[in-house]
Structure formats: structure tokens, C-alpha cells
Amino acid sequence: MSLLTVYADGDPPAALRELRDPEAIAAELAKIDVDYRVWPVDAGIQAGAAPEAVLEAYAEPIARLREEYGFGSVDVVSLDPDNPAREQARQKFLQEHTHADFEMRFFVAGGGQFYIRSGGQVYVLLCMAGDLISVPAGTTHWFDMSERPSFVALRFFTREDGWVAEFTGDRIAERYPAMQPLGEARG
Ligand SMILES: [Fe+2]
């Protein structure tokens, strides 16, 4: 189940509130211009799925999003816990960064955790299958897929160079709890 935890940034960070209701999560994130929606998922698609199968299963919603936002391209990221490149893939997005263009992800299966810093607060959103999230251009954020990543996500791009990460160099991510691998107790 998706979960939003809002922290007052600090050392250590202080948890202010937790939201689980999708409408409440959407309303909270809308305050910082983050677009959050929940869509139906195709249960036949699991972590490690072939990109072609994912694109075919979601052809209709992909077409709708392309129309709405003018995306030029879409690709599929699919990682399962046995992927030998998982730690390398994890580290790449674990440092705070921004993009020149907005970032949109749709979680088809599994889950991942976004951390968005805005206005002295950090919004930690555990995204699960069905979650669509858009982080505005220039908004500082990072992403954790846990030590045992398990997810399939669609990524949408409006321009080829828009999604290059510009790292802030701030080690803020180290102060926040890592994503717990799915299926393991949160603590
Ligand atoms: Fe990013």
C-alpha cells in the first residue's frame, strides 16, 4: 500500500504526518506541484518483465499520457532482486538531484520510494503498483529502490536531454530512512 510520510527537514529529520489514503496523498503532494494519481494495473506484468510486453499491456494509458503531456518517448525500467546490476542502479538515483524537465513515472509492478525536498520539508512517498507520480522540473529529489529492488516502471520523456540528473552535492539522503525491501517488515 502506498504511503506518504512528511518530514520537517533537520538532523535528524522529524516525521510530521503519515498519509495512506490516495486522495489525501494527492492533495498533500499537489501543494508542492507534484502530480500523483492511481491507475488500474495489469496483474500479468511482474518484476523482470520484457519491455515489449509492458508497453503492449499499457498501450492505451501510454497513448493518453503522451497526448496529455506531449511526451516524445517512453521506456521501461524493470529490476528484480537477483539483478547483478541492482546496487549500481540503486546508487545512481540515491543522491539528491534535479532535472531540467519534469520527471514522470508509472509503477506497473512492485514499488520504489521517492524523496522530494520542498519548502523545508521532505516528502517520502512509497510508490506501489498503480501509482503515477510527476516531479516538477528543478525540484530536488532522490529515489531509493531498496537493497532488493523489485519493480517495473514506465518513464516518460518530453525531450532527450531533459532527464539528465544534476546533482546538488548535498548528502541529505543519508539522513533519511532507506526504502525497506518489499515484503519485509518496516521498522
Ligand atoms: Fe530524478
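One-based numbering, in listed order, for ligands and for the atoms of each.
Taking a 6.0 Å sphere around CZ of R171, one finds it holds 12 or fewer heavy atoms contributed by other residues, nucleotides or ligands.
For an aromatic pair to be called close, the ring centres must be under 6.0 Å apart, and F102 with F156 fails this.
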> Please walk me through it: do L182 and M128 pass side chain to side chain contact (heavy atoms under 4.5 Å, CB included)?
Replying inline: CA-CA 10 Å; L182 296 177; M128 300 297 290; 3.8 Å; yes
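Near-neighbour remark for the Fe ion (ligand 1): protein N, O or S atoms under 2.8 Å are H97 NE2, H99 NE2, E103 OE1, H141 NE2; waters not counted.
A side chain to side chain donor-acceptor pair (under 3.5 Å) with H141 holds for exactly one of R117, E103, E96; it is E103. Residue R175 is tested with D9, D170, D11 for a side chain to side chain donor-acceptor pair (under 3.5 Å); the sole match is D9.
For E87, the side-chain contact (heavy atoms from CB on, under 4.5 Å) partners two or more places apart in sequence, or in a different chain, are R90, Q91.
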